[in-house]
Structures are given as structure tokens and as C-alpha cells.
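Residue numbers begin at 1 in each chain, while the letters A, B, ... track the order of the sequences. Keep in mind that what you see is a predicted model, and the values were worked out from it rather than measured.
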Amino acid sequence: MNRVPNKKGRFGVYGGRYVPETLVPALEELERTYTEAKRDPVFRNTLRAYLNQYVGRPTPLYFAKRLTEHLGGAKIYLKREDLCHTGAHKINNTLGQALLATRMGKRRVIAETGAGQHGVAVATVAAMFGLECDVYMGTEDMERQAPNVVRMKLLGARVCAIDTGSRTLKDAISEALRDWTTHVGNTHYILGSVLGPHPYPTIVRDFQSVIGREAKWQLRKCEGLLPHVLIACVGGGSNALGLFSAFVNDDVEMIGVEAGGLGVTTEKHAARFAGGSVGVLHGTMTYLVQDDDGQIRLTHSISAGLDYAAVGPEHSYYHDLKRIRYTSATDDEALSAFDLLTRIEGIMPALESAHALAEVVKLAPRLDREKVIVVSLSGRGDKDVHHVAQLRGDHL
Amino acid sequence: MGRIHSTFSQLRVKKQKALIPYLMAGDPSLEMTEALVLEIERAGADIVELGVPFSDPIADGPVIQGAAQRSLKAGTSLNSIFQLVQTLRTRTQIPLVLMCYYNSILACGEKQFCSTAVEAGVDGIIIPDLPVEEGKSLRKMARMLGLDVILLLAPTSTAERIGKTVKDSKGFIYYVSLTGVTGAQLIHSRDIEEKVREIRHVSKLPVAVGFGISSPSEAATVASFADGVIVGSALVKIIAEPTTHSAVLRRVSTFVHDLRQAVC
């Protein structure tokens with residue numbers, strides 16, 4: 001596989017920098033800063049120290065013995081990003097970007113959030129570095145992820161409620177981009193996934209790539225081999241690329257799981273590869289859920305973190321090359337996987353990660369017992385307990 | 001020579017500046033937009049900018065976002081806007097410029113978009129989310145067909161970017177007066193003047209200034225140093241007022257007339 005992206009931020013035809021002129025110089029500055037930082041041993045050591053001592057890395061690669069026995073096929077390992085400080089992989093990226101912000105002398109950070117995990121991770125590093133912090137969040141997401149709204153506020157961030165459009169992640173990103181356009185001089189936008197204009201998809205992937213690098217040596221240590229299959233959920237797709245990027249040139253099958261919502265044949269889903277087409281949204285060219293006139297369609301998923309109309313451009317690139325296979329899990333499949341892992345392993349996954357587990361449930365029984373699946377458990381389900389309880393109603 | 005070029009040439013001879021009002025096509029309806037274009041031409045507009053509604057307009061503030069939502073709700077599509085332009089062309093020769101997010105062009109296909117636009121009588125396009133680096137194939141296509149792709153510059157644009165952008169812009173250069181979205185509060189006219197001078201220094205193209213100009217007095221200040229003044233949100237606000245169509249037409253006409261007096 002060639003190294004992507006190219007100098008213009010292109011993953012094949014995907015990616016690029018489709019933003020108002022006002023933001024281009026800021027993106028160029030970010031790109032320069034990142035390129036320098038990447039080569040700076042002081043920056044790398046600082047980031048590593050924070051990842052170890054603050055985030056709690058390396059996160060365990062846990063052999064899910066009971067789940068493996070229950071499904072009766074391939075061995076299942078969970079990469080426990082749910083055990084990161086703040087409860088999801090998001091902080092790997094926000095730490096790196098907060099260090100970049102301070103390097104650029106920017107004292108204010110803004111962010112968008114869907115499930116609230118990225119927002120919490122931004123509010124957390126903002127508190128730690130003493131940065132001013134505003135987080136944009138759709139009002140529908142604020143309802144279904146209420147605990148995270150409280151956490152952000154307790155951490156000292158302002159949560160800006162967005163009541164336009166679908167009132168979810170898409171509208172939060174639009175508003176964050178507008179804020180950045182207005183305050184670009186003193187503000188850094190900490191984008192939370194492998195999305196948006198160049199260089200974000202690269203920066204976020206690189207900061208998340210620690211997931212896959214760890215998983216690789218951890219599995220070699222306990223099994224002495226490479227995994228046969230990697231599985232991760234894909235909203236924007238940062239936990240997936242974080243895990244996959246270390247294995248792109250290895251003989252390893254990779255599966256990305258999108259949100260199937262009520263089913264990809266209905267209009268209520270967020271499966272960009274199953275039901276989308278190529279377009280430009282929020283600064284990048286990629287697969288989108290849109291109508292024939294290029295208007296972005298409303299998406300649906302039980303999981304706020306996967307409920308977004310676009311997918312990271314690098315995923316589109318690997319999709320076309322068939323290097324990663326994309327599938328989807330419905331709301332119901334994700335909910336039963338949530339239950340299964342909770343009851344059988346005592347690990348409550350985030351509803352996002354439950355989509356990846358739903359694919360494990362389908363695939364593991366069909367594989368031999370000597371095969372190994374590594375699944376990204378991108379976040380923990382604490383934030384979802386109210387939402388799940390509400391869905392269950394009296395049956396809880 | 002295209003209509004945009006000849007309009008600026010004629011204005012230059014008369015030592016006048018261009019008044020460029022912006023309307024969201026299809027807000028509240030395409031019939032109303034048709035009437036509004038003719039009305040603002042009578043009131044003294046030199047060029048009309050027509051917004052193509054997009055579901056996720058990242059460069060626009062709440063006023064134009066709202067207009068886009070109303071227009072989409074009313075069922076406006078790109079093709080219906082082309083039809084509107086075609087109809088308008090039987091009644092006016094005023095230069096018409098579409099302000100359009102890139103995804104609308106991509107969904108239509110760059111070639112199809114440019115040829116349909118030219119056939120309908122569109123003179124230029126402004127694409128707020130397509131900086132100079134990303135629009136090469138579109139500009140090539142547009143140039144072949146005689147459609148002006150008007151590029152934008154901003155307060156944050158470096159000298160290097162200004163150089164690149166003016167080289168590839170056609171018709172005029174759209175200078176975004178502030179770091180922000182459409183309809184924001186205008187503040188430093190001195191900074192705008194300096195930047196416009198910097199752009200003029202490296203380009204012979206007319207420079208029109210937009211974003212945040214909401215009153216005749218602001219328009220007058222900007223017109224004292226720029227070649228054109230673009231007024232959008234202030235006009236869209238009047239159109240959104242809950243009153244009769246004829247009252248809206250009257251108010252729009254008065255407002256554009258006042259702007260005309262200020263921009264001379």
C-alpha cells in the first residue's frame with residue numbers, strides 16, 4: 001500500500017481541503033506545526049508521557065474467553081480503549097491536538113461532539129492545559145447523551161446547543177467550523193475524527209495509530225502471531241483507522257461496521273457505503289448520505305457517535321481498493337451485542353462499539369477456533385445507560 | 001466579452017461602483033425571486049447574486065441558513081434555479097451570478113453544471129467552499145464555456161495566496177470583509193481598505209467586498225475604496241419579514257435604492 005495522503009491531502013481522489021478561504025491559512029499553519037512536531041523528540045516524548053501517565057496507556061488487549069466460548073469459533077480479543085481516561089479512544093487525539101494548540105500559541109479550543117466522548121476528551125485536556133473551551137453539540141445528542149453534557153460542564157467547558165438541521169453531529173460540525181472561521185486568530189479547532197479538511201484526517205489517524213501499534217505487539221506477545229481479522233465501528237472512523245493503520249500492509253482482514261439504523265434499505269441509517277455516494281461535506285471529498293441534488297440527508301442511528309452523513313476520506317479510499325470491507329449493524333443488533341458483552345464479560349460497551357461487537361457475533365462462529373479476531377472496544381457504555389434504560393422501558 | 005466584464009467596464013467609464021445584491025433563490029418561492037430580481041434591477045442593482053440553497057452552508061450565518069432552509073422546504077432544486085434564470089433572461093440582461101456550495105456542483109457533474117448554467121444565461125459562479133487549490137478542473141471547464149468562476153479572498157489570505165488566487169479568478173474578485181460568516185458585524189473598514197489595496201496592487205480585476213455590509217452608510221464607506229459592494233443578509237432579512245409580497249417588494253426596492261444612492 002502506498003503511503004497516503006499525498007501532499008495535497010488526497011487519499012486517491014478523496015480528502016482535500018474544501019473550506020472557505022478564511023480557513024485555508026489556518027489549516028496550512030496546522031499542517032506546518034504538525035509536520036515539525038512529528039519530528040521533534042521533545043513533542044513525541046511529551047505526548048508519550050501523557051499517554052502513559054494521564055490516559056493510562058497501553059490499554060489492555062483482553063482475551064474475551066467467555067464470549068469466545070459462547071460464540072464457539074474464532075478467538076476474540078478486545079482492545080480496551082474503553083479503559084482510557086474519560087472512557088474512550090478520543091483522548092489519544094485530543095491530547096495530541098491540545099499540544100499542537102499550545103505549540104501554535106492558541107489559548108482557546110473548540111470542538112464538535114456527537115456522543116459526547118470527544119467533547120469530554122476535549123474539555124478534559126482543556127482543563128489540564130488551562131485552555132478556554134467551547135463544545136458544539138446537537139440538541140438531540142444532548143438528550144440521548146445527557147451524562148456527557150454534565151461532565152463537560154463540570155470540566156469547565158461551555159456546551160453550545162445546536163438546534164438546527166438534524167440537531168446532531170453534522171450540525172455541530174458546521175457550527176464549529178463557523179466559530180473557527182470567526183475566531184481563527186486565537187482558536188484551534190480540535191476535530192474529533194478522521195474527517196474534515198486536510199490535514200485533520202491525517203493528524204487524527206496518526207494520533208490514534210497508537211491503538212494498532214499496541215495491539216500488534218500485545219498480540220504477538222500472547223499469541224505469537226498477527227490477527228486474522230480486525231473489526232471496528234465506523235462513524236467518522238478514527239478508532240477504526242487507529243487500529244487498522246498498523247496492519248494495512250499485513251495479511252490481515254479488516255472490517256469496518258457502519259450504523260445500519262433501522263436497516264440500510266430504509267431511509268433511517270448512517271451507512272455511507274451501503275446507501276451513499278461521493279460528495280463533499282465539511283471540507284472533504286468522501287462517501288456521503290445525500291440526495292440526487294447533493295443535499296445532505298438526515299441520518300439515523302441509535303448511537304450518536306455513528307449518526308453522521310460522511311465517513312473519513314481514507315475509509316473511502318480503502319473501500320474502493322477493497323482493502324477494508326464495510327458492513328453494517330442495525331440498532332437492534334447493536335443493542336443485543338451490548339447486552340451480550342455486558343452479561344457475559346461484565347464489560348459494558350458504548351453503543352458505538354456495540355456495532356463492532358454485532359459483527360463479531362455474526363462472524364466469529366463461522367471461523368475456525370485457531371483464528372484470532374481483534375475488535376476495537378472504542379468506548380465504555382456508561383454514557384448510554386440512561387438511553388438504553390429508556391429504550392427498554394418497563395422491561396429493565 | 002461577458003456581461004460581468006462589460007458591466008464593470010461601463011461603470012469604470014462612469015466612475016461608478018457596482019452594487020451587487022444577494023438573494024436566496026426560492027426564498028420564499030422562485031416566482032418571488034423572479035419578481036425581486038427585476039425589482040432590484042429597477043432600483044439600481046448592477047449585478048445580482050443568486051444563492052443556491054444547500055443543507056449545510058458552512059460559510060453562512062443564521063440569516064442565510066434560514067433562507068436556505070425555507071427555499072429547500074419550498075422544493076427548490078438546482079434545475080429549477082436554472083429554469084428561473086432562463087425565464088429571467090427573456091426580461092433582463094443584468095449579470096447573474098450563482099453562489100453555490102461545491103457539493104451542488106459535484107452532484108450535478110462539473111461539465112453538466114457549467115453547460116446548463118451557460119445555456120440558461122448564468123454569467124458567473126461563486127463557490128464559498130472551493131479555494132483556489134481545489135477548483136482546477138471546474139475552472140478549466142467553466143473557462144471553455146465562458147462562465148466566470150469568481151474566487152474569494154479573506155483577511156487571513158497571505159500575499160502568496162492572494163497572488164495565486166487573483167491569477168485564476170475571472171469576472172471580479174470577491175473580498176470577504178471579515179473573518180466570519182455572512183451577516184456578521186462589520187468592524188474595521190481601515191483593514192478592509194488596506195487589503196483591497198493589496199489585492200489591487202497585484203491584479204487588474206475589479207474587487208467587490210461582501211459579508212457584513214448591512215446599511216447604506218457602510219456600503220458608502222466600502223464603495224469609497226472598492227469596485228463593488230455586495231449586500232446579502234440585510235436584504236434576505238427584509239424578504240423574510242412576515243408581510244405581503246407587494247410590501248416586501250416595496251421595502252426591498254427602497255432599501256436597494258438607498259444603497260444605490262450610497263454606492264456611487
K.L.:
Could you check which of B/Pro62, B/Cys108, B/Gly61, B/Ser77 has the highest count of heavy-atom pairs closer than 4.5 Å to chain A?
P.N.:
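Between B/Pro62, B/Cys108, B/Gly61, B/Ser77, the count favours B/Ser77.
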
K.L.:
Scan B/Leu50, B/Leu235, B/Ile64, B/Ile239 and name whichever one has a side chain to side chain contact (heavy atoms under 4.5 Å, CB included) with B/Met24.
P.N.:
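Single side chain to side chain contact (heavy atoms under 4.5 Å, CB included) partner of B/Met24 among B/Leu50, B/Leu235, B/Ile64, B/Ile239: B/Ile64.
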
K.L.:
Using modelled atom types only, decide if a donor and an acceptor are shared between the side chain of A/Asp291 and the backbone of A/Asp293 within a distance under 3.5 Å.
P.N.:
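Here the side-chain-to-backbone pair exists.
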
K.L.:
On the 0 to 90° scale, with breaks at 30° and 60°, tag the B/Phe211-B/Tyr174 ring pair as parallel, tilted or perpendicular.
P.N.:
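B/Phe211 vs B/Tyr174 ring planes: perpendicular.
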
K.L.:
Chain A heavy atoms under 4.5 Å from B/Pro57: which part of the residue, side chain, backbone, both or neither?
P.N.:
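For B/Pro57, the contact with chain A is made by backbone and side chain together.
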
K.L.:
Do the rings of A/Tyr287 and A/Tyr14 sit parallel, tilted or perpendicular, given the 30° and 60° boundaries?
P.N.:
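Tilted: the ring planes of A/Tyr287 and A/Tyr14 meet at 30° to 60°.
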
K.L.:
Measure distances from B/Leu72 to the heavy atoms of chain A and classify the residue's part below 4.5 Å as side chain, backbone, both or neither.
P.N.:
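It is the side chain, since no backbone atom gets that close.
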
K.L.:
Tell me the residues of residues 110-130 of chain B whose non-hydrogen atoms fall below 4.5 Å from those of chain A, in number order.
P.N.:
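The residues closer than 4.5 Å to chain A, in numerical order, are B/Pro128, B/Asp129, B/Leu130.
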
K.L.:
Heavy-atom cut-off 4.5 Å, strictly under: side chain, backbone, both or neither for A/Ile173 against chain B?
P.N.:
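Looking at A/Ile173, nothing touches chain B.
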
K.L.:
Begin with the C-alpha distance, continue with both residues' side-chain angles, and end with the deciding distance and a verdict on side chain to side chain contact (heavy atoms under 4.5 Å, CB included) for B/Thr33 and B/Leu84.
P.N.:
CA-CA 8 Å; B/Thr33 306; B/Leu84 164 74; 3.8 Å; yes

K.L.:
Which bit of A/Ile296 comes within less than 4.5 Å of chain B, counting heavy atoms only: side chain, backbone, both or neither?
P.N.:
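Both backbone and side chain.
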
K.L.:
Are more than 12 heavy atoms from other residues, nucleotides or ligands located less than 6.0 Å from atom NZ of B/Lys164?
P.N.:
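Yes - once you tally the heavy atoms of other residues, nucleotides and ligands closer than 6.0 Å, there are more than 12.
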
K.L.:
Which answer fits B/Tyr102, side chain, backbone, both or neither, if we ask what part of it has an atom under 4.5 Å from a heavy atom of chain A?
P.N.:
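Only the side chain of B/Tyr102 comes within 4.5 Å of chain A.
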
K.L.:
Who wins among A/Arg297, A/His183, A/Arg10 for the most heavy-atom pairs under 4.5 Å with chain B?
P.N.:
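Option with the greatest count: A/Arg10.
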
K.L.:
Determine the option with the most heavy-atom pairs under 4.5 angstrom with chain B, choosing from A/Leu23, A/Asp171, A/Val24, A/Val184.
P.N.:
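Result: the option with the highest number of such pairs is A/Val24.
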
K.L.:
Checking side-chain polar atoms at under 3.5 Å, does A/His282 have a donor or acceptor matched by the opposite partner on A/Tyr200?
P.N.:
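No - no donor-acceptor pair under 3.5 Å links their side chains.
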
K.L.:
Is it the backbone or the side chain of B/Glu160 that comes under 4.5 Å from a heavy atom of chain A, or both, or neither?
P.N.:
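Answer is neither: B/Glu160 stays 4.5 Å or more from chain A.
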
K.L.:
Within the 3.5 Å criterion, strictly below it, is a donor on A/Asn93 or A/Gln97 matched to an acceptor on the partner's side chain?
P.N.:
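Note: A/Asn93 and A/Gln97 side chains meet the donor-acceptor criterion.
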
K.L.:
Before you tell me yes or no, could you show the steps for A/Thr286 and A/Val278 under side chain to side chain contact (heavy atoms under 4.5 Å, CB included), namely the whole-Å CA-CA distance, both residues' side-chain angles and the distance that decides it to 0.1 Å?
P.N.:
CA-CA 5 Å; A/Thr286 190; A/Val278 176; over 6 Å; no

K.L.:
For chain A, which of B/Ser157, B/Gly135, B/Ala107, B/Gly180 has the most heavy-atom pairs under 4.5 Å?
P.N.:
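Of the candidates given, the most pairs with chain A belong to B/Gly180.
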
K.L.:
Sort out for me which of B/Leu152, B/Asp56, B/Val176 touches chain A most, counting heavy-atom pairs under 4.5 Å.
P.N.:
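Top option by heavy-atom pairs under 4.5 Å: B/Asp56.
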
K.L.:
Does A/Lys8 come within less than 4.0 Å of B/Glu133, counting only side-chain N to carboxylate O?
P.N.:
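Here A/Lys8 does not pair with B/Glu133 in a salt bridge, since their nearest N and O are not under 4.0 Å apart.
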
K.L.:
Which answer fits B/Leu153, side chain, backbone, both or neither, if we ask what part of it has an atom under 4.5 Å from a heavy atom of chain A?
P.N.:
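Backbone plus side chain of B/Leu153, per the 4.5 Å heavy-atom cut-off to chain A.
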
K.L.:
Do B/Tyr101 and B/Asp60 get their side chains close enough for a donor-acceptor pair, meaning under 3.5 Å?
P.N.:
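Distance-only check passes for B/Tyr101 and B/Asp60.
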
K.L.:
Regarding A/Arg178 and A/Glu175, does a basic nitrogen lie under 4.0 Å from an acidic carboxylate oxygen?
P.N.:
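Counted as a salt bridge, because a side-chain N and a carboxylate O are separated by less than 4.0 Å.
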
